[in-house]
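Scroll down for the structure; my scribbles are underneath it.
Sequential numbering from 1 along the given sequence is applied to the chain's residues. Treat the numbers as computed from the prediction; the structure is a model and nothing was measured.
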Amino acid sequence: MSTHYPGEAVATRRGSPLLVGVKSSKHVVTDHIPILYGDDSGDGSHSPFRVKRMNSVINVSVEDAGQMEMEYYFASDASAVIEHTNRVLYLEDDDVAAVHEGNLSLHRVNRVSDDKNAPENTRRSIETLKLELQQIMKGSYETFMQKEIFEQPDSIFNTMRGRVDFETNEVRLGGLKDHLPMIRRSRRLLFIACGTSYHSAVATRQILEETTEMPVMVELASDFLDRRTPIFRDDVCFFISQSGETADTLNALRYCNKRGALLVGITNTVGSTISRETACGVHINAGPEIGVASTKAYTSQILSLVMVGLMMCADRISMQERRREIIEGLKQLPGME
C-alpha cells in the first residue's frame, strides 16, 4: 500500500504462503482469474472467461454488478480469514495480486517459472473452504494445545475413516491408488521433513521397512539439501508437512523433482504448495492445528504412514498375519470404539 496510490493494494508471494480471501455481496460468475503477464499485449479478447482488461485491471463479471460490494483479505493461512469468507484464492511463487477500485487482478513478470518441468498455469482458481469457525476457537479450553490434545481421539478416527475396513482388513488410500505399482517397483523410499513431521517418519521407519520390505531413508530436509543427496529416477520421495508450506521441505521437493523422482505429499492442508506440487499423496484429516507444538497432527501423520505400509503389503501372503496384528492394534486406539 502507498500514499501515492490511494485505494490500491498490491501483494506478492515469494517463498512464504499467501492467499486472497474473496467476499462479495452478489454471486461471482467466474471462479477463475486469468493471469496477466509482462509480455501480454492486446485487449485480452481471446480469454474464454467473462472478464475484460482495462488498464491492466481485470473486472470480474458478476450478477447485478452495479450493486456489488467486494472485499479482499490477504493472509498466510485460511484460518485467518474464515470468519469473513470461505472463498480463497491461493497464490503461487512470483504471483502479484493487485486490488484497485474493487477489482482483483493477478500478474506475473515472466511466463516461465523457476521449475522448467512445471506445466504453465494461466489462471488461478477461487476455492471454497470446508473449514468451520468453531474448529479454530479454543472453546472451554485454556490453550489451543490443550484443546488439540483432547481432540486426538476425533482426529484418529477422522484419519482412518473410510480408509481402514476392520472387517475385511482392507486399507484404501485413494490418493496413492493409481501410483501404487510404481511405488512398489521403486529402488528406495525417502521420507523428507522437518521438526515434528520428521519425528513422525523416524517413529514409523521400522514398521515401514517391515511392511514394505524396501530400504527406507528418513531425512531432515535442511540436512538433505546441504549434503546434496543423490536422487534417482526410480526413487520415491515422501514429503511430510502439517501446513504443506515448510520452506526447507519445499526446497527439497523441488530438488527431487528436478531429478525425476516420484513425489508423494503427506499434509494436513488441502490446497497447500506441497499438495499441489506432488504427483499424489495422503491428506491426514487431523483438522486445523493452531498450537505451535504439534499434537494431533503428529499422531495422524504416524497413522497415515502406517496405513501406507499396510497398503503396500496387502498382496504379500507372508505378511498377512503381521498385517492383521497391526490393524487390530489400530482398532484399539482411542476414538475407534
Side-chain angles (χ1 to χ4, degrees), residues 1-2 5 7-24 26-63 65 68 70-78 80-81 85-129 243-245 247 250-251 253-254 257-258 263 265 269-279:
M1 301 179 68
S2 171
Y5 299 93
E8 295 188 33
V10 179
T12 186
R13 168 176 171 161
R14 185 61 176 169
S16 299
L18 183 64
L19 60 83
V20 183
V22 180
K23 182 179 181 180
S24 61
K26 302 292 182 180
H27 174 67
V28 179
V29 174
T30 179
D31 285 338
H32 304 280
I33 308 295
I35 299 171
L36 300 177
Y37 293 91
D39 57 356
D40 277 348
S41 59
D43 60 1
S45 58
H46 62 280
S47 175
F49 303 97
R50 297 181 59 187
V51 298
K52 60 180 180 177
R53 181 180 179 187
M54 297 175 59
N55 299 324
S56 296
V57 174
I58 293 176
N59 298 309
V60 182
S61 299
V62 298
E63 295 178 355
M68 179 197 63
M70 295 291 294
E71 296 179 20
Y72 301 101
Y73 303 87
F74 294 97
S76 60
D77 188 81
V81 302
T85 179
N86 65 344
R87 305 271 286 162
V88 299
L89 182 148
Y90 292 96
L91 300 182
E92 298 184 5
D93 273 354
D94 297 327
D95 282 356
V96 178
V99 176
H100 176 64
E101 295 181 351
N103 298 309
L104 172 66
S105 60
L106 299 181
H107 307 261
R108 289 179 71 90
V109 176
N110 300 311
R111 290 181 178 272
V112 181
S113 65
D114 292 339
D115 183 1
K116 309 295 184 183
N117 298 320
E120 182 181 338
N121 189 354
T122 59
R123 71 189 76 165
R124 299 287 179 264
S125 300
I126 300 174
E127 302 179 15
T128 302
L129 299 173
S243 66
E245 303 288 352
L250 275 172
N251 290 334
L253 183 154
R254 288 159 184 161
N257 187 38
K258 290 177 180 177
L263 311 181
T269 309
V270 176
S272 63
T273 304
I274 288 180
S275 66
R276 294 198 308 270
E277 294 190 11
T278 47

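- When all heavy atoms of L104 and A97 are compared, the pair lying nearest together is CD1-CB, 4.2 Å.
- Residues Y72 and V99 approach most closely at CD1-CG1, 3.6 Å, considering heavy atoms.
- Residues satisfying the ring-ring contact (aromatic ring centres under 6.0 Å, His included) test with Y5, not counting sequence neighbours, are none.
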* side chain to side chain contact (heavy atoms under 4.5 Å, CB included) between L89 and E127, intermediate numbers included -> CA-CA 6 Å; L89 182 148; E127 302 179 15; over 6 Å; no

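- The side-chain hydrogen bond (donor to acceptor under 3.5 Å, both in side chains) check on S125 picks up H32, with sequence neighbours excluded.
- Scanning for side-chain hydrogen bond (donor to acceptor under 3.5 Å, both in side chains) contacts around T278 gives an empty result, with sequence neighbours left out.
- The side-chain contact (heavy atoms from CB on, under 4.5 Å) test with V96 singles out one residue from L36, V10, I35, and that residue is V10.
- The CG atom of L253 sits 6.0 Å away from atom CD1 of I274, with the distance rounded to the nearest 0.5 Å.
- Between A80 and A75, the shortest heavy-atom contact is CB-CB, 3.9 Å.
- Taking each heavy atom of S275 and T269 in turn, the nearest pair found is OG-O, 3.8 Å.
- Screening D95, L91, L106 for a side-chain contact (heavy atoms from CB on, under 4.5 Å) with V20, the sole residue that qualifies is L91.
- T85 is linked by a side-chain hydrogen bond (donor to acceptor under 3.5 Å, both in side chains) to nothing, counting only residues two or more places apart in sequence or in another chain.
- In this structure, OG1 in T12 is found 6.5 Å from CG in D94, a value given to the nearest 0.5 Å.
- With sequence neighbours excluded, the residues forming a salt bridge (charged side-chain N to carboxylate O under 4.0 Å, His left out) with E245 are R13, listed by chain and number.
- Here S2 pairs with nothing under the side-chain hydrogen bond (donor to acceptor under 3.5 Å, both in side chains) rule; sequence neighbours left out.
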* With side chain to side chain contact (heavy atoms under 4.5 Å, CB included) as the test, would you mind laying out the steps for T273 and R276 before giving the verdict? => CA-CA 5 Å; T273 304; R276 294 198 308 270; 3.6 Å; yes

* To do: Assess whether salt bridge (charged side-chain N to carboxylate O under 4.0 Å, His left out) is satisfied between E277 and R254, documenting all intermediate values.
  => CA-CA 9 Å; E277 294 190 11; R254 288 159 184 161; 2.9 Å; yes

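- When all heavy atoms of R124 and Y90 are compared, the pair lying nearest together is CD-O, 3.8 Å.
- Taken from CZ in R14 to CG in D93, the straight-line distance is 5.5 Å, to the nearest 0.5 Å.
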